[in-house]
*Asks:* 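Let me give you the structure first, and then I'll get to my questions.
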Amino acid sequence: NARRYTLRKLIDEYEKLELIKHRAGRHTASRLRRNFADFLDTPVRKITRVSVEEWKAAYVRKRESAAAGDRSIACLRAALYWGLEHGRLEANPLTDWHLEVVENFGKARILTPDEEKRLWAGVTEFESAIREAHERHNQELRERGEPELLPLNAALPHFMRVYLALLLHT
């Protein structure tokens with residue numbers, strides 16, 4: 001009876017039948033039982049997007065990991081899709097669920113004029129070291145009578161200066 005078809009029953013069937021195909025079925029089922037324990041005896045038709053969003057908010061407050069919550073919701077979605085495909089469910093409440101993308105860029109920090117001056121001095125020193133190593137290698141090639149490498153500016157322009165300027169001023 002669809003009215004009494006609980007999440008527990010869905011997980012049991014999903015685990016039993018998916019284990020035949022995939023080794024990960026057991027781990028998915030145990031994650032579902034562990035993380036959605038409050039929903040196990042709930043009829044699947046009563047699980048809504050809102051209830052899952054509330055679950056995730058509580059999960060994040062308790063465990064502080066939105067990514068782990070999203071992985072659990074992905075497992076729930078997979079089980080619900082399986083139930084839909086195998087005629088256990090009439091609809092999947094999480095069909096249009098999209099994982100929340102959280103961008104954490106941290107705090108922006110502006111270099112002081114002195115730090116920026118030291119940064120550019122370090123870049124100049126770095127570029128000089130690359131050019132000196134390139135010239136030493138060309139000298140060794142000349143001594144062995146082998147063709148020299150192309151000049152650095154022609155072969156591979158060093159873009160570090162450009163990248164840093166973009167990073168610092170945009």
Side-chain angles (χ1 to χ4, degrees), residues 1-113 115-116 118-120 122-123 126-127 130 152 155-170:
N1 187 347
R3 291 180 129 349
R4 287 195 240 138
Y5 194 75
T6 64
L7 183 60
R8 181 185 313 273
K9 186 165 176 106
L10 175 73
I11 293 169
D12 291 344
E13 289 181 15
Y14 178 68
E15 179 181 36
K16 183 169 62 176
L17 295 173
E18 280 299 297
L19 274 176
I20 295 167
K21 297 181 197 170
H22 306 288
R23 226 178 56 178
R26 176 179 43 239
H27 302 294
T28 299
S30 70
R31 177 186 287 263
L32 289 170
R33 285 190 191 98
R34 182 178 61 250
N35 291 329
F36 294 101
D38 294 344
F39 289 105
L40 289 176
D41 296 318
T42 303
V44 176
R45 64 183 178 76
K46 290 192 175 185
I47 295 174
T48 65
R49 185 184 184 116
V50 171
S51 64
V52 173
E53 287 174 354
E54 289 171 351
W55 171 87
K56 183 181 175 188
Y59 183 86
V60 170
R61 279 193 305 273
K62 187 167 61 172
R63 293 203 174 45
E64 298 179 19
S65 175
D70 286 341
R71 285 190 297 273
S72 294
I73 291 169
C75 289
L76 179 61
R77 274 181 67 185
L80 292 172
Y81 274 120
W82 179 89
L84 187 63
E85 288 176 357
H86 290 83
R88 299 335 191 253
L89 305 175
E90 294 173 8
N92 181 347
L94 302 182
T95 297
D96 295 329
W97 180 279
H98 297 286
L99 298 180
E100 182 180 331
V101 177
V102 178
E103 294 181 5
N104 183 5
F105 295 113
K107 292 182 180 178
R109 184 176 174 287
I110 307 298
L111 295 179
T112 65
E115 289 171 326
E116 191 170 338
R118 288 185 308 189
L119 174 68
W120 290 119
V123 169
F126 177 74
E127 288 174 337
I130 288 174
L152 263 184
L156 179 65
H158 205 279
F159 290 108
M160 181 184 283
R161 211 170 266 284
V162 175
Y163 290 144
L164 285 173
L166 283 170
L167 286 171
L168 290 172
H169 301 291
T170 57

*Asks:* Taking all atoms of both residues into account, what is the closest heavy-atom pair of F39 and I47, and its distance?
*Replies:* CD2-CG1, 4.1 Å

*Asks:* Using 0.5 Å steps for rounding, measure from the CH2 atom of W82 to the CD1 atom of I11.
*Replies:* 11.0 Å

*Asks:* Using the side chain to side chain contact (heavy atoms under 4.5 Å, CB included) rule, take F126 and I130 through it: C-alpha gap first, then chi angles, then the decisive distance, then the call.
*Replies:* CA-CA 6 Å; F126 177 74; I130 288 174; 3.2 Å; yes

*Asks:* Which atom pair, heavy atoms only, marks the closest approach of S72 to N35?
*Replies:* OG-ND2, 2.7 Å

*Asks:* Roughly how far, to the nearest 0.5 Å, is CG of L40 from NZ of K9?
*Replies:* 14.0 Å

*Asks:* Evaluate side chain to side chain contact (heavy atoms under 4.5 Å, CB included) for T48 paired with V52, printing each intermediate quantity in order.
*Replies:* CA-CA 6 Å; T48 65; V52 173; over 6 Å; no

*Asks:* Counting N and O atoms only, with roles assigned by atom type, does the side chain of R61 sit under 3.5 Å from a partner on the main chain of Y59, one being a donor and the other an acceptor?
*Replies:* no

*Asks:* For E13 and Y5, test the side chains for any donor-to-acceptor distance below 3.5 angstrom and give the result as yes or no.
*Replies:* yes

*Asks:* Holding to salt bridge (charged side-chain N to carboxylate O under 4.0 Å, His left out), I want the full list of residues that pass it with D41, two or more places apart in sequence or in another chain.
*Replies:* R8

*Asks:* Can you tell me how far apart CG (N92) and CG (L84) are? Round to the nearest 0.5 Å.
*Replies:* 6.0 Å

*Asks:* For D70, is there an ion pair with R77 - N to carboxylate O distance below 4.0 angstrom?
*Replies:* no

*Asks:* Please report the shortest heavy-atom distance between L32 and C75, naming the atom on each side.
*Replies:* CD2-C, 3.8 Å

*Asks:* Taking the side chain as every heavy atom from C-beta outward, state whether T42 and L7 have any pair of such atoms under 4.5 Å apart.
*Replies:* no

*Asks:* Step through the shown structure and confirm whether more than 12 heavy atoms of other residues, nucleotides or ligands are within 6.0 Å of CG on D12.
*Replies:* yes

*Asks:* To the nearest 0.5 Å, tell me how far L76 CG sits from R71 CZ.
*Replies:* 15.0 Å

*Asks:* In the structure I gave you, are the side-chain heavy atoms of Y14 and R88 within less than 4.5 Å of one another anywhere?
*Replies:* no

*Asks:* Passes side chain to side chain contact (heavy atoms under 4.5 Å, CB included), V44 versus L89? Steps please.
*Replies:* CA-CA 8 Å; V44 176; L89 305 175; 3.2 Å; yes

*Asks:* What distance do K46 atom NZ and T6 atom OG1 have between them, rounded to the nearest 0.5 Å?
*Replies:* 12.5 Å

*Asks:* Closer than 3.5 angstrom, by distance alone: can the side chain of W55 be matched with the main-chain N or O of V50 as a donor-acceptor pair?
*Replies:* no

*Asks:* Under 4.0 Å between a side-chain nitrogen and a carboxylate oxygen: does that hold for E15 and R33?
*Replies:* yes

*Asks:* Of all the heavy-atom pairs spanning L10 and A79, show the shortest one and how long it is.
*Replies:* CD2-O, 3.8 Å

